[in-house]
Every structure is written in structure tokens, then in C-alpha cells.
Amino acid sequence: MNNKAPDDLITIAGRFTTSGVVIAVQPFGSGNINDTFLVTLDPGEERHFILQRLNTRVFSHPELVMQNMRTASEHIYARLLNVPLGESRRWEVPRVLLRRDGQDHWIDAKGSFWRAISFIEAAETLDIIQNGTHAEEVGFALGMFHRLVSDLPPETLSDTLEGFHITPRYLSHYDDVLGRNRLGRSPETAYCIQFIERRKAWAHVLEEAKAQGHLCIRTIHGDPKINNVMIDTATRRAVGMVDLDTVKPGLVHYDIGDCLRSACNPLGEEVEYWEMVRFEPDLCRAILLGYLPQARSFLVAADYEYLFEAVGLIAFELGLRFFTDYLEGDVYFKARREGHNLLRALVQFRLAESIESQEIAIRAIIRESR
Ligand code: GN1
Ligand code: MG
């Protein structure tokens with residue numbers, strides 16, 4: 001058995017402690033990009049914190065990611081003082097933990113970029129939607145987050161991931177990769193290629209609306225999928241949104257689409273039987289019931305007109321990103337086995353199909369929820 005890795009992690013975690021001794025560092029969560037660990041301290045002012053090795057292949061300017069996180073969380077803290085939460089609800093924001101010398105990260109001998117973030121105690125995240133109440137809480141969490149950053153001017157944040165959620169950019173990258181690809185065509189890859197081909201023109205819908213001035217840039221979360229919403233283990237209410245790496249300027253539609261595509265898929269995005277994946281409209285209704293009371297103060301009429309397109313588009317876009325990565329040899333999303341990113345793509349395409357086939361019902365839900 002090799003004991004070296006845990007020892008190394010304990011030393012690295014120790015670089016971020018101000019009190020207490022690190023007694024354990026364990027892999028944590030199911031992220032596709034960064035490496036995440038839960039650190040346990042004894043005794044320490046706080047029992048746990050999150051240690052992460054940022055994927056600098058994806059985030060090529062990690063110091064700007066840290067700056068955005070700090071700008072957003074400080075803004076949210078200040079704003080929380082004026083936003084009534086109601087009884088029996090807490091709202092927590094992950095804080096960047098500084099080292100004793102005031103630095104917000106540490107670069108190890110191999111050049112890895114490490115950072116520490118506060119842990120929200122007595123709460124958990126779930127990869128799969130549990131029921132309508134859970135869906136409503138997921139919607140509330142995104143609405144609360146958007147409301148708290150709605151007065152944070154997007155220009156104060158850096159664009160840390162150029163092209164993120166710009167579907168036409170993913171399409172042109174896909175075309176390049178496909179052109180170079182020499183893999184044989186299985187029935188699954190043929191299905192994906194045809195699926196993308198038929199939706200190429202439509203995939204510009206949000207970017208065109210943005211270019212024509214129908215939709216405006218705001219501060220967004222960037223990755224508000226179901227398992228980035230922390231749920232209180234006792235009250236089962238949402239207590240915060242984690243993973244602030246992608247907080248940056250963008251369309252709220254990317255966020256709403258990502259939240260709905262991830263939380264209205266009762267089988268989750270890592271399912272084996274991709275043909276069985278479907279989008280559940282009742283969960284969509286529950287999410288909007290939680291989201292819109294928070295968001296009505298800043299959404300304008302044109303925003304509602306593109307909500308339906310946003311749901312299908314973000315599912316399609318994620319499928320496109322997974323499929324391109326499969327063709328490219330898994331250079332972006334961590335793949336845990338051969339064909340993993342192909343399977344993930346099939347799940348998202350099946351979900352996008354299910355959204356398309358229920359267009360009338362989903363549009364009616366959006367209309368009635370306004
Ligand atoms: C990635 O690593 P994780 O799980 O936080 C990705 C998201 C995808 C998500 C799909 C920076 O997020 O855009 O929606 O996987 N993050 C980045 O599960 O690309
Ligand atoms: Mg993320």
C-alpha cells in the first residue's frame with residue numbers, strides 16, 4: 001500500500017489552517033473537472049474545510065477564478081444583511097480561506113494550484129432529484145443566488161472561461177474535432193452526429209437573442225446543477241449554492257437551463273440506461289415555483305420568452321461538449337471508464353429529445369408560472 005499520497009495531502013491541507021491539526025483528507029463530491037477533498041481538523045475553530053486542486057488546463061487563469069469568487073462571496077455577504085430570509089432558513093456562502101500569509105492559494109512543486117474553501121456543515125448535496133419539495137428548494141437556491149448577485153455589475157468580474165456556454169463556439173470546435181477524428185462509427189456515435197447535425201441552426205438561439213439586444217448579460221453562477229445546491233440535513237431546505245468557479249458574466253438562461261436540465265432528469269446524468277432518460281415537467285413546475293418568487297424582481301418580459309429554449313439548449317450543449325470530449329480522447333471531463341463521455345452525451349441528447357417532445361406542456365408551465 002502506498003501511504004505517500006494521503007501524507008502529501010495532509011501537508012498541503014496544513015498550509016491553509018489557522019487553528020487545529022489536520023487529521024484526515026478524503027476525496028469528496030463528484031466533480032468532473034477539479035480534484036476535491038474534505039479536510040477534517042482537530043480541534044480547530046471549524047471542523048472541516050474543502051481543499052481543491054484546480055484544473056488549470058480548464059481554468060488557465062486560476063488567480064482570476066479566485067478573484068471572481070472573492071468578489072462574488074463578499075458581495076453576497078453584504079447583500080444578505082438586507083435580504084429577509086424568513087424564519088427557519090439559513091443561507092450560507094462558501095468563503096475562500098486565506099493562508100497565514102494572506103494568499104488565497106498555494107502552488108506545489110509540481111505546479112498544481114491548491115485552494116481552500118469553507119465547508120457548509122449539517123448539509124449535503126444530492127446527485128439525483130428526490131421529490132417535488134427538493135425540486136422547489138433547488139429552484140429557490142438558484143433564485144436566491146441570482147437575486148443576491150443581481151446588483152453585482154458583471155463588468156466587475158473577469159471572463160475566466162472564454163466561450164463557456166456559447167453554444168456556437170462548442171459547435172465549431174466539434175466540427176474541427178470531428179474532421180480530424182479517425183474513430184470508427186458505432187451506432188451510438190452515428191446517433192450523436194446526426195442529432196447534432198439536425199440542431200445546428202437552432203443552436204444559435206440564445207447567442208442571437210443576446211446579439212440582437214433581447215437578452216442582457218448579468219452575473220451568473222455558471223454551473224448551478226442539482227448537486228451544487230446544499231440541502232440542510234435536518235430541515236431539507238436549501239442553504240446555499242456551492243462551486244463558485246464559474247461565477248462570471250453571462251446569460252441567466254444558461255443557469256436556468258442548467259438547473260432545469262439537471263434537476264428534471266429523475267435518473268440523473270450518470271445513468272447507464274440512457275434510453276430511459278426523460279425530462280419530468282412536474283419537477284420543472286416545482287423548480288419554477290421555487291425560483292420565480294426570487295427572480296421576478298429582476299427578470300424582464302423578454303427573459304421569459306427564451307426560457308423554454310434555454311432548457312433544451314443547455315442539455316444539447318452539454319451533450320455536445322461530452323461527445324466532442326469523447327472524440328477528442330477525454331481531455332476536458334474526467335472519464336472514469338472507456339466510453340464514459342459518450343454515454344454522458346447520449347444521456348443529455350435523450351434528455352434534449354424529451355424536452356423537445358414536451359414543448360407544448362413545458363411552455364404552458366412556464367407561462368402559468370410567471
Ligand atoms: C462540469 O466539474 P463540475 O461537475 O463542477 C462542468 C459543467 C458541466 C458539468 C456536468 C467548468 O462541472 O459545465 O455542466 O461538469 N464545468 C466546467 O456535470 O466545464
Ligand atoms: Mg463546477
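Along the sequence shown, residues are numbered consecutively beginning with 1. Hydrogens, waters and symmetry mates play no part in the numbers below; they use all other heavy atoms, side chains included. Note that the structure is a prediction, hence the values are computed from the model and not measured.
- For the 3.5 Å distance criterion, the side chains of H75 and D151 qualify, holding a donor opposite an acceptor.
- Looking at heavy atoms from C-beta onward, M66 lies in side-chain contact with V96 at the 4.5 angstrom threshold.
- Each of V242 and I76 belongs to its own hydrophobic cluster when Ile, Leu, Val, Met, Phe, Trp and Tyr are linked at side-chain heavy-atom distances under 4.5 angstrom.
- Residues L307 and H253 form a side-chain contact, since some pair of their non-hydrogen atoms from C-beta on lies under 4.5 Å apart.
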Q.
Go through it in stages, so that I can follow the logic: the residues are S118 and I50, the test is side-chain contact (heavy atoms from CB on, under 4.5 Å), and I'd like the CA-CA distance, side-chain angles, deciding distance and then a yes or no.
A. CA-CA 6 Å; S118 63; I50 294 292; over 6 Å; no
**Q.** Criterion side-chain contact (heavy atoms from CB on, under 4.5 Å) on M144 and L80, from CA distance to verdict
**A.** CA-CA 10 Å; M144 185 70 178; L80 268 175; 4.1 Å; yes
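- Separation of atoms CD1 (I362) and CZ (R367) is listed at 12.5 Å; rounding is to 0.5 Å.
- The shortest distance between side-chain heavy atoms of F333 and L318 falls below 4.5 Å.
- Of the possible polar contacts, none joining the T56 side chain to the F59 backbone as a donor-acceptor pair under 3.5 Å is found.
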Q. Could you walk me through whether R236 and E124 pass the salt bridge (charged side-chain N to carboxylate O under 4.0 Å, His left out) check?
A. CA-CA 9 Å; R236 308 313 295 171; E124 61 182 346; 2.7 Å; yes
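- Counting non-hydrogen atoms of neighbouring residues, nucleotides and ligands closer than 6.0 angstrom, the CD atom of Q212 exceeds 12 such neighbours.
- Shown are R261, Q348, K225; of these, the side chain to side chain contact (heavy atoms under 4.5 Å, CB included) with I314 is made only by R261.
- Using a 4.5 Å heavy-atom threshold, the side chains of L142 and D258 count as separate.
- Residue L64 is not grouped with residue I217 when hydrophobic side chains (ILVMFWY) are merged at heavy-atom distances under 4.5 angstrom, including chains of intermediate members.
- No donor-acceptor pair under 3.5 Å is formed between the side chain of S158 and the backbone N or O of T160.
- A donor-acceptor pair shorter than 3.5 Å cannot be found between the side chains of W274 and E188.
- The minimum heavy-atom distance linking F279 with L260 is given by the pair CE1-O, 3.7 Å.
- Under the 4.5 Å side-chain heavy-atom criterion for grouping Ile, Leu, Val, Met, Phe, Trp and Tyr, V58 is connected to Y254 within one hydrophobic cluster.
- Distance OG1/T246 to CG/N228: 8.0 Å, rounded to 0.5 Å.
- Counting heavy atoms from C-beta on, the side chains of K248 and L161 come closer than 4.5 Å.
- Nearest heavy atoms, C264 versus P266: O-CD, 3.2 Å.
- Between the side chain of S369 and the backbone N or O of L288, no donor-acceptor pair lies under 3.5 Å.
- Residues V331 and I33 are members of separate hydrophobic clusters, defined by side-chain heavy-atom contacts under 4.5 angstrom among Ile, Leu, Val, Met, Phe, Trp and Tyr.
- Considering only heavy atoms from C-beta on, L51 comes within 4.5 Å of W114 through its side chain.
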Q. Given R199 and L320, is the side-chain contact (heavy atoms from CB on, under 4.5 Å) satisfied, shown in steps?
A. CA-CA 11 Å; R199 288 158 184 84; L320 172 68; over 6 Å; no
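- Checking side-chain atoms of E207 against main-chain N and O of V205 turns up no donor-acceptor pair under 3.5 Å.
- Classified by interplanar angle (parallel below 30°, tilted 30° to 60°, perpendicular above 60°), the ring pair F195/Y191 is tilted.
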Q: Start with the C-alpha gap between F322 and L342, add the side-chain angles, then the distance that decides, and say whether side-chain contact (heavy atoms from CB on, under 4.5 Å) holds.
A: CA-CA 7 Å; F322 282 140; L342 173 61; over 6 Å; no
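- Outside the 6.0 Å centre-distance limit, the rings of F119 and F49 are not counted as a close aromatic pair.
- Between R70 and L98 there is a side-chain heavy-atom pair separated by less than 4.5 Å.
- The local environment of CD in E162 is sparse, with at most 12 non-hydrogen atoms from other residues, nucleotides or ligands closer than 6.0 Å.
- Counting non-hydrogen atoms of neighbouring residues, nucleotides and ligands closer than 6.0 angstrom, the NE2 atom of H61 reaches no more than 12 such neighbours.
- Checked by atom type and distance alone, the side chain of Y174 never pairs as donor or acceptor with a backbone atom of R321 at under 3.5 Å.
- Aromatic ring orientation, H146 versus Y291: perpendicular (interplanar angle above 60°, classes split at 30° and 60°).
- The closest side-chain donor-acceptor pair between N34 and N55, if any, does not fall under 3.5 angstrom.
- A distance of 12.5 Å separates CZ in R95 from CG in L244, rounded to the nearest 0.5 Å.
- Environment of CG in L85: crowded, with over 12 heavy atoms of neighbouring residues, nucleotides or ligands closer than 6.0 Å.
- Relative to the six-membered ring of W106, R15 meets both conditions, a distance below 6.0 Å and an angle of at most 45° to the axis.
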Q: Apply salt bridge (charged side-chain N to carboxylate O under 4.0 Å, His left out) to the pair R89 and D232, showing each step before the final yes or no.
A: CA-CA 9 Å; R89 190 180 288 274; D232 187 294; over 6 Å; no
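- No side-chain heavy atom of L251 sits less than 4.5 Å from a side-chain heavy atom of I220.
- The backbone N or O of I23 sits nowhere less than 3.5 Å from a side-chain atom of D42 that would complete a donor-acceptor pair.
- Side-chain atoms of E63 and H105 form no donor-acceptor pair, as typed in the model, at a separation below 3.5 Å.
- The CD atom of E46 sits 7.0 Å away from atom CG of L97, with the distance rounded to the nearest 0.5 Å.
- In this structure, CD in E280 is found 9.5 Å from SG in C284, a value given to the nearest 0.5 Å.
- The backbone N or O of V229 sits nowhere less than 3.5 Å from a side-chain atom of T125 that would complete a donor-acceptor pair.
- When atom types are taken as modelled, the side chain of E137 and the backbone of A238 share a donor-acceptor pair closer than 3.5 angstrom.
- Within the 3.5 Å criterion, the main-chain N or O of M69 finds a donor-acceptor partner in the side chain of S73.
- When hydrophobic clusters are built by joining Ile, Leu, Val, Met, Phe, Trp and Tyr residues whose side-chain heavy atoms come closer than 4.5 Å, directly or via intermediates, F316 is grouped together with L267.
- Atom CZ of R198 sits in a sparse spot, with 12 or fewer heavy atoms from other residues, nucleotides or ligands closer than 6.0 Å.
- Without hydrogens or angle criteria, N68 side chain to V247 main chain gives a donor-acceptor distance under 3.5 Å.
- Here CZ of R169 is found 12.5 Å from CZ of F164. Values are rounded to the nearest 0.5 Å.
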Q: Verify salt bridge (charged side-chain N to carboxylate O under 4.0 Å, His left out) between E208 and K210, making sure each step is shown before the conclusion.
A: CA-CA 5 Å; E208 264 165 22; K210 188 169 83 182; over 6 Å; no
Q: Could you go through the salt bridge (charged side-chain N to carboxylate O under 4.0 Å, His left out) check for R218 and D303 one step at a time?
A: CA-CA 12 Å; R218 298 182 170 101; D303 288 322; 2.9 Å; yes
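- At a cut-off of 3.5 Å, with distance as the only test, a side-chain donor of R344 or H340 sits close to an acceptor on the other residue.
- Residues S354 and Q358 bring a donor and an acceptor atom of their side chains to less than 3.5 Å of each other.
- R363 pairs with exactly one of E356, E305, E309 by the salt bridge (charged side-chain N to carboxylate O under 4.0 Å, His left out) rule, that one being E309.
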